[in-house]
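Everything on this sheet refers to the single structure shown next.
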2 protein chains.
Amino acid sequence: MTKRLEVHQHIKEHRDQHLARIREFMAQPSVSVDDMGMRECAELQLKYYQELGCKEAEIVETPGFPGVWAYYDAGAAKTLAVYTYFDTNAVGDGWTNDPYDVVLAERAPFKEVLYGRGAGNKGTSVAFLNALSSIIAVEGTLPVNLMFVTEGEEFVGSLNIPMMIDKYRHHLSKADAGISPGRCQSANGDVTFHLGNKGNLHIELECSGDMWGKGPHGGPAHSSAACVVDHPVWRLVQALATMYDPEENRILVEGFYDGLLGPTEEDLELIDELVERGLVPGGSGAAGIPRYIDGISGRDLLIRYCFQPTMNINGLRAGYTGPGTILWTLPNTARCTIDHRLPPNLQPPEIAEKIRTHLDKHGYSDISMKILMDVTANKLGVNDDIAQAGLRVIRDWVDNPAVWPRQGASGPTGVFSKMLGIKVLGGTGMGFGSGHTGGDEFMVTEGDGKVGGLVELEQSLVDLMYSYAAYPNEYK
Amino acid sequence: MTKRLEVHQHIKEHRDQHLARIREFMAQPSVSVDDMGMRECAELQLKYYQELGCKEAEIVETPGFPGVWAYYDAGAAKTLAVYTYFDTNAVGDGWTNDPYDVVLAERAPFKEVLYGRGAGNKGTSVAFLNALSSIIAVEGTLPVNLMFVTEGEEFVGSLNIPMMIDKYRHHLSKADAGISPGRCQSANGDVTFHLGNKGNLHIELECSGDMWGKGPHGGPAHSSAACVVDHPVWRLVQALATMYDPEENRILVEGFYDGLLGPTEEDLELIDELVERGLVPGGSGAAGIPRYIDGISGRDLLIRYCFQPTMNINGLRAGYTGPGTILWTLPNTARCTIDHRLPPNLQPPEIAEKIRTHLDKHGYSDISMKILMDVTANKLGVNDDIAQAGLRVIRDWVDNPAVWPRQGASGPTGVFSKMLGIKVLGGTGMGFGSGHTGGDEFMVTEGDGKVGGLVELEQSLVDLMYSYAAYPNEYK
């Protein structure tokens, strides 16, 4: 018999201290895209691992921003790799308060939320550490061994995760599964559980006069020269036009869809249940989507969302892109960033090769392709230990969670899966937050009876630890 | 007999005061794209016109930045409209000193140059006022009446020039010709004289989910939704791909080339002389151009440069365009700015209509087109009074100026030409400067025997006044 309920009580009694630590972490800026506060935040993260009692804990230098490694050896039978990240999006616009003041306020229907940049990931990862510290306070140790791989580069491509995994492979090879601690509730308290996610190949295509051997070299020309000087931007436009047909919503790169797997019987059962409940994919962006492609809905929509790959231009830029820069140029260079969300059987390196071949075949061998991110899909079976351990906790907290065969998004968890051969579980904590891509980012700290607050978030993460440690035996 | 040489002497003797005024004007920032110092600079400009003795002089409010109108009525037989602008490019990078410290320094081979943002246009326009003040000091008045139309929006499209011309049409309709006082020398002292310039239709195309009725509405979606949500960026790419063929360097919009005029016999004579001298179009950008389109050179190159229209993407942007913004979106909007440099017979409004028709015909009626700038070409005949008055001054200063049938660039002078039915002369002053699109912008204030310094610049502008007033009679 564990002291799980005593731990729950301990969390309730230490809510103030737990909240204070979250606010401390969020008050430390850590914007990777702007190189702001990254080392300071890594050091704070390190301190938290040391305070938890990790015997091994250190900053990991990378060619980019530092990460943090920590190992809590509880002498337990099972070991989990834990992925978290402490960098956040840029501050941007749309804030009511200073995003680093970390203000508590009511936000109907929630009694209390915590506003600030990083409320999403930094809030949750410290809540997880709070939960662990309560277990240790009550039990003296943890029910599982934990190996933390924490990066500061989630918003800039997670390119050094493979290096970090390699560096600690002598430990990590012992991990039985992985988790990426997070929340799983939406604003109305509904719970979504994903059996893994897609991979991501993020590339940058660049067409430049220098590489082309035509057009302006070394810098832009004046636009008046455009009738006698070749044009790299028009060239990139034509090259892109050969790659994707937005009318048919079809990727035109030869062989791109080769080996794509459709849903299994098990997947279709899950899909049908989601359809019956009227669920649709939303993505986590800010947009309203009044109509899906070709007007599809129901089963077709969900199957396409879960099982089709994407080729998404997320950035396109050449020449003048806003006030305060140089007008009237014939740009010498044009760039396009494209992310591809890839279901399990489509491997990012092979897709990259097919795109390269496509460009070459169409006469665009001068257009360069840089791989900015390359993470594999992460696929869980509904009967995998870690999936079952997570699902039963969720079902003990809420009725009828929605189980999706896959999430359309992706993350570095796929790298753990690929390099270590383990299954990685996403968010299972009771709680909600929003705004990490805009202003007024927040996490709910006191809920409304349906959405969990900080106490419920930490308690449900505690339960996950006990559940996985005990599985397939009872954890309660 | 005029006192022209006395005026030249007066300029020499007052070089310090003249230089001080230029530095004062340049020290006042006036960056229209960043809305920095615009009104302060307009007021300084107004003060200069008042000090010159303009009886009418006032700030002109516009929907954008204020302009300045001033009228010097000398009771002379002839009247010139004078176009100048006081806004500058953004500061940008590449500065050795603070661009508003306006530092004097040696810059081999020049004994002295003046560094600072606006050294190009602000330096020259005050040099012109200095020249005029010396004429007035010696003669008591000017040999021609001058009507100044000065804007602060050259870098943001000159959209309010028509409004300004309309407002003072009761005066401006009396103008016999126009000038845009500037310099005409290159770094080695060679002189280029342009018989007018092309027009400019500057447009912005935008494809958005809201206008399309598909894709993300009101804001971006998360990029993971890209397999079920329509994509405005790919749509704009496909639309652009129908407009221009960069392999053939051909505009694909139906009827775009209709009515295009080739060179006249007179033009061909000028071209052949330029070819004989080995001259090529450079544009005023920073780029090296190792190869012109299709490898053309000589006569073909110059004819194409002077007589063909352009369709130049100068800006293309969607989603993520640099560090510090939001990654991983399916952008709800994509924008492209395109300038078209149009020889005299292609009218910007008609070309805009043809582009609109082209987009509609290809099924892109949802893609919006905004006209950012619409200025007509300005064509001078070599035998027009104002051209001859300018050319003879240049020929008195240097041997063998290069006379181009047309400049590939364009400017608001075409609006004067169109609205007032007058010919407008470009730069004829002896002097050189560079860098207005980058850092370390400068004007030569003390030359090297070939390139004129401040004294020669002002003296040659004085000569233009006397030359035009006297034409067709001798001015010396």
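Proteins get letters first, then strands, A, B, ... in listed order; numbering begins at 1 in each.
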(request) Quick one: closest heavy-atom pair of A/Gln238 and B/Ala241, and the distance? (result) NE2-O, 2.9 Å
(request) Work out which heavy atom in A/Ala221 is nearest to a heavy atom in B/Ile289; give both atom names and the distance. (result) CB-CD1, 4.1 Å
(message) Can you tell me how far apart CH2 (A/Trp234) and CG (B/Leu240) are? Round to the nearest 0.5 Å.
(response) 5.0 Å
(request) Compare every heavy atom of A/Pro246 with every heavy atom of B/Asp230, then report the nearest pair and how far apart it is. (result) OD1-O, 4.1 Å
(request) May I ask you to name which of A/Thr337, A/Val156, A/Leu330, A/Asp300 has the most heavy-atom pairs under 4.5 Å with chain B? (result) A/Leu330
(message) Does any backbone or side-chain atom of A/Met311 lie under 4.5 Å from a heavy atom of chain B? Answer side chain, backbone, both or neither.
(response) both
(request) Mind checking the SG-OH spacing from B/Cys227 to A/Tyr292? Nearest 0.5 Å is all I need. (result) 11.0 Å
(message) Shorter than 4.5 Å, heavy atoms on both sides: which option in A/His202, A/Met243, A/Lys198 has the most such pairs with chain B?
(response) A/His202
(request) Please look at A/Pro309 and chain B and tell me whether the side chain, the backbone, both or neither of the residue comes under 4.5 angstrom of a heavy atom of that chain. (result) backbone
(message) If you count heavy-atom pairs within less than 4.5 Å of chain A, which of B/Cys336, B/Pro290, B/Ser410 leads?
(response) B/Pro290
(request) Could you tell me the separation between the CZ atom of B/Arg291 and the CH2 atom of A/Trp212, rounded to the nearest 0.5 Å? (result) 8.5 Å
(request) Heavy-atom distances under 4.5 Å only: say whether B/Asn200 touches chain A with side chain, backbone, both or neither. (result) side chain
(message) Below 4.5 Å, heavy-atom pairs only: which of A/Gln308, A/Lys214, A/His231 has the largest tally toward chain B?
(response) A/His231
(message) I'd like to know which of A/Pro232, A/Ala226, A/Ala318, A/Gly213 tops the heavy-atom pair count under 4.5 Å against chain B.
(response) A/Ala318
(message) Let me confirm one number: the OG-CG distance from A/Ser223 to B/Asn314, rounded to the nearest 0.5 Å.
(response) 6.5 Å
(request) Can you tell which part of B/Arg341 gets under 4.5 Å to a heavy atom of chain A, answering side chain, backbone, both or neither? (result) side chain
(request) Please answer whether the main-chain N or O of A/Ser224 pairs with a side-chain N or O of B/Asn312 as donor and acceptor at a distance below 3.5 Å. (result) no
(request) Let me know if B/Glu247 has heavy atoms under 4.5 Å from chain A in its side chain, its backbone, both or neither. (result) side chain
(message) At a heavy-atom distance under 4.5 Å, which candidate from A/Leu236, A/Val237, A/Asp294, A/Leu301 has the highest pair count against chain B?
(response) A/Val237
